[in-house]
Amino acid sequence: MDNAGNIWIANNNNGVISFCPQDRRYRHYTVNEGLSSNMVRALEIDNDGIVWIATGNSLNLLDPKDNSITICTHNNIQPESLSSASLKAMLKSRSGAMWIGTYYKGIDYFNPKLISFHNTVLPESYWNNSEAIICAISADPDDFLWIGTSRSGIFKYYPQTSEFIPFRKHVIKEHFLNAVAYHNNGNLVLFGRSYSGLSIYDKRTDSIVWENSGESVFSIAEYIDDTYLVGYQHGIKIFDFKDM
């Protein structure tokens, strides 16, 4: 949701939809309106109100004031361009910087003050090219990044030291990690995975305290009264922490 109250929806096969709840108006953005691809995998809105659209073919920056679209992509002769044109995940930090997860090329960091992209890759000892898809990026209350990969599990990343800490010793490592959310001041971490359902990890005891394997989980969002919305392949379920 942007500052004007408009809702922005990413569609994996059909572009972007903006919806204004006040007057019930929709607007649909596709390649016909200037997007580089209809395969939209992630959305973020920066501090200037620009909608960042991560697609299967380049990054699109949409300005809602005039509906203009600027396309950023990979360029071999420009080292400060995107490291890959195929993008999967995105996160805006508290400072307004953007973290962008790519297919096979790690994570790109965009600093709005420098107006450039900088690439950070996972340690090669933990993955190979077939597994280096960044599926999820999330920041906990301490501003540490939790990074989900396609088949190499979960990593914690410390931007201050550029250090990756593998999370592989826990059972949350198989299949794509699609979503991460936090509860109880960040002590409880919710993981959503393809084919493996929802898991809840307690950092204090270093253990999995709840797990519901099965249907794929693609998104997790905090709701109301200690509940979370969990987006499955075939709908949305509500998880209640009061009775687990």
Side-chain angles (χ1 to χ4, degrees), residues 2 8-18 28-31 33-64 68-93 96-112 114-122 127-139 145-152 154-155 157 159 164 175-180 192-194 216 218-220 231:
D2 62 24
W8 293 83
I9 303 165
N11 189 303
N12 193 55
N13 297 304
N14 200 15
V16 174
I17 296 171
S18 68
H28 192 189
Y29 300 87
T30 65
V31 292
E33 284 71 39
L35 290 185
S36 60
S37 170
N38 285 338
M39 183 183 291
V40 178
R41 297 181 175 132
L43 287 175
E44 283 286 358
I45 301 175
D46 69 18
N47 292 341
D48 296 321
I50 304 299
V51 183
W52 290 53
I53 304 169
T55 79
N57 180 25
S58 303
L59 173 68
N60 294 240
L61 306 181
L62 189 157
D63 189 341
S68 61
I69 296 174
T70 302
I71 297 175
C72 304
T73 192
H74 170 69
N75 189 323
N76 286 327
I77 63 174
Q78 293 182 351
E80 294 187 346
S81 67
L82 283 170
S83 61
S84 172
S86 186
L87 310 176
K88 174 66 174 175
M90 196 155 44
L91 171 73
K92 184 181 77 170
S93 71
M98 290 286 183
W99 297 90
I100 304 169
T102 73
Y103 268 63
Y104 311 120
K105 294 294 184 179
I107 299 173
D108 283 346
Y109 171 78
F110 179 82
N111 187 328
L114 300 177
I115 315 179
S116 59
F117 295 93
H118 299 274
N119 184 241
T120 301
V121 296
L122 276 66
W127 57 271
N128 59 50
N129 285 337
S130 65
E131 299 176 342
I133 301 173
I134 307 298
C135 299
I137 309 173
S138 184
L145 299 187
W146 291 68
I147 299 164
T149 68
S150 53
R151 291 182 178 86
S152 292
I154 302 167
F155 293 83
Y157 178 66
F164 285 94
H175 305 304
F176 287 57
L177 178 77
N178 299 312
V180 182
R193 297 167 291 161
S194 292
S216 299
F218 293 99
S219 60
I220 307 170

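Worth knowing before you read on, the calculation uses all heavy atoms, side chains too, and leaves out hydrogens, waters and symmetry mates.
- The heavy-atom pair separating G101 from I137 by the smallest distance is N-CD1, 3.5 Å.
- Partners of A179 under the side chain to side chain contact (heavy atoms under 4.5 Å, CB included) rule, at least two apart in sequence or in another chain, are I220.
- Between N75 and S81, the closest heavy-atom pair is N-OG, 3.1 Å.
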Quick one: side chains of residues 84-91, donor-acceptor pairs under 3.5 Å with protein atoms, not counting sequence neighbours, listed by atom name and distance.
from, atom 1, to, atom 2, distance (Å)
S84, OG, S86, N, 3.1
S84, OG, S86, O, 3.4
S86, OG, R41, NH1, 3.2

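- Taking S138 as the reference, Y182 meet the side chain to side chain donor-acceptor pair (under 3.5 Å) condition, with sequence neighbours excluded.
- In terms of the side chain to side chain donor-acceptor pair (under 3.5 Å) criterion, residue partners of N47 (sequence neighbours excluded) are, by chain and number, K92.
- Listed by chain and number, the residues in a side chain to side chain contact (heavy atoms under 4.5 Å, CB included) with I71 are S36, S58, N60, I69 (sequence neighbours excluded).
- S68 pairs by the side chain to side chain contact (heavy atoms under 4.5 Å, CB included) definition with D63, D66, not counting sequence neighbours.
- Contacts of F117 classified as ring-ring contact (aromatic ring centres under 6.0 Å, His included), with partners at least two apart in sequence or in another chain: F110.
- Listed by chain and number, the residues in a side chain to side chain donor-acceptor pair (under 3.5 Å) with S219 amount to none (sequence neighbours excluded).
- Legend: ring-ring contact (aromatic ring centres under 6.0 Å, His included) pairs involving residues 72-91, not counting sequence neighbours: none detected.
- Remark: T30 engages E33 in a side chain to side chain donor-acceptor pair (under 3.5 Å) (not counting sequence neighbours).
- For D48, the side chain to side chain contact (heavy atoms under 4.5 Å, CB included) test picks out D46, I50, with sequence neighbours left out.
- The two atoms that bring I134 and G106 nearest to each other are CG1-O, 3.4 Å, heavy atoms only.
- For L35 against Y29, the heavy-atom pair with the smallest separation is CD1-O, 3.3 Å.
- The two residues N38 and V31 make their nearest non-hydrogen contact at OD1-N, 2.9 Å.
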